[in-house]
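Here is the structure we will look at, set down as structure tokens.
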Amino acid sequence: MVETRRLCGALGAEVSGVDLSKPLNEDTARGIVDAFHEHLMLVFRGQSLDPGSQIAFTRLFGEPQEHPLRTRASVDGYPEVLIIETRPGRIGARNDYWHSDISHRERPPAASILHALAVPDGLGDTMFCNMYRALETLSPGLQRLLDGMEAVHSAEVTMRRALEKGTDALPIESVPPPTTHPVLRTHAHTGRRALFVNPHFTVSFAGMTREESAPILDYLTEHSTRPENVYRHRWAVGDVLIWDNRCTMHYAVRDYDDTVHRKHHRTTAGGERPF
Ligand code: SIN
């Protein structure tokens, strides 16, 4: 068992009494994984993780992975630890769109972890929404329509972002072929079904044109990101957040410019092929 406190009605819990820089005993590790599956997103305050300990913590949820497109710098000697940073004179690549990390991969990451190292006062929050609930609150008719449908996920936006001037995004050579995933995804551990489309990487439904797909995808985004389905995290240095990419989307609020310092280390844990 670990001590948790729910953060809001939508998703998320704060875990207390755990030092993630130390090896976790079996009970604590199991308690954290159970809380993760129950709450979809966990916050640990006041942590101080070096890259090796962040990788060790990530392994609790799946095999730590390098970013497949290497669009950001990583920590020297730790290719699995991405540096997400804006500092005076150097703005970081944008993440201000609702997405589930790297959903264009055949096996997208199960979980992502951010550790806050520098936080601009009151700026640069990150928002999360609950995609189980997004599905459960659709009408039975729309749920039936989406059941059995597949959607096409593409990295073309990542290529476009890499071409934008003035950010730290690293160039990528080519866009990998798009991937198709079920629109209603079953979570490998909880068995619950979640809506698995996002407005960043999902470009259409399989067998439909982008124009035909757009109104439905737009509706699903609007529905999923209603305020009552969203948690907004205000960062403090030392926070470690972990979220489940199989049943959440997230959005990094870009209300700052290149006069501030905001820095996180990000790791991802590998996941299964969506089914
Ligand atoms: C991300 O989308 O992985 C980064 C989120 C953030 O910078 O808050």
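Atoms within each ligand, like the ligands themselves, are counted from 1 in listed order.
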| field | Side chain Asp125, main chain Arg232, donor-acceptor under 3.5 Å | value |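 Checking the backbone N and O of Arg232 against the side chain of Asp125, no donor-acceptor pair under 3.5 Å is found.
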| said: Would the distance check show the side chain of Asp258 and the main-chain N or O of Pro88 forming a donor-acceptor pair, the cut-off being under 3.5 Å? | reply: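 Not at all, since once roles are kept as given, no pair shorter than 3.5 Å links the two residues.
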| query | Who gets closest to atom 1 (C) of ligand 1 by heavy atom: Leu82, Thr126, Asp125, Asn95? | reply |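 Residue with the shortest heavy-atom distance to the ligand atom: Asn95.
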Relative to the heavy atoms of [X], which atoms of ligand 1 are at a distance of less than 4.0 Å?
X: Ile84; answer: 7 (O)
X: His99; answer: 2 (O)
X: Leu114; answer: 5 (C), 6 (C), 8 (O)
X: Ala252; answer: 5 (C), 6 (C), 7 (O), 8 (O)

| query | What residue and heavy atom of the protein are closest to atom 3 (O) of ligand 1, and at what distance? | reply |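 Among all protein heavy atoms, the one nearest atom 3 (O) of ligand 1 is Arg266 NH1, 2.8 Å.
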| query | Which heavy atom of the protein is the closest neighbour of atom 7 (O) of ligand 1, given with residue, atom name and distance? | reply |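 Protein heavy atom at minimum distance: Arg262 NH1, 3.0 Å.
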| said: If you take the centroid of each ring, where Trp contributes its six-membered ring, are Phe196 and His153 closer together than 6.0 Å? | reply: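 Yes, close enough.
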| said: Could you check, using the six-membered ring where one of them is a Trp, whether His264 and His115 have ring centers closer than 6.0 angstrom? | reply: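 No, they do not, as the ring centres are separated by 6.0 Å or more.
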| query | Testing Leu11, Ile242, Thr126 for side chain to side chain contact (heavy atoms under 4.5 Å, CB included) with Met41, which one passes? | reply |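 Only match with Met41 under side chain to side chain contact (heavy atoms under 4.5 Å, CB included): Leu11.
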| Parallel under 30°, tilted from 30 to 60°, perpendicular over 60°: which one fits the rings of Tyr231 and His233? |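 Aromatic pair Tyr231/His233 classed tilted.
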| said: Side chain or backbone, does His250 bring an N or O within less than 3.5 Å of an N or O on ligand 1? | reply: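 Among all N and O atoms of His250, at least one is under 3.5 Å from an N or O of ligand 1.
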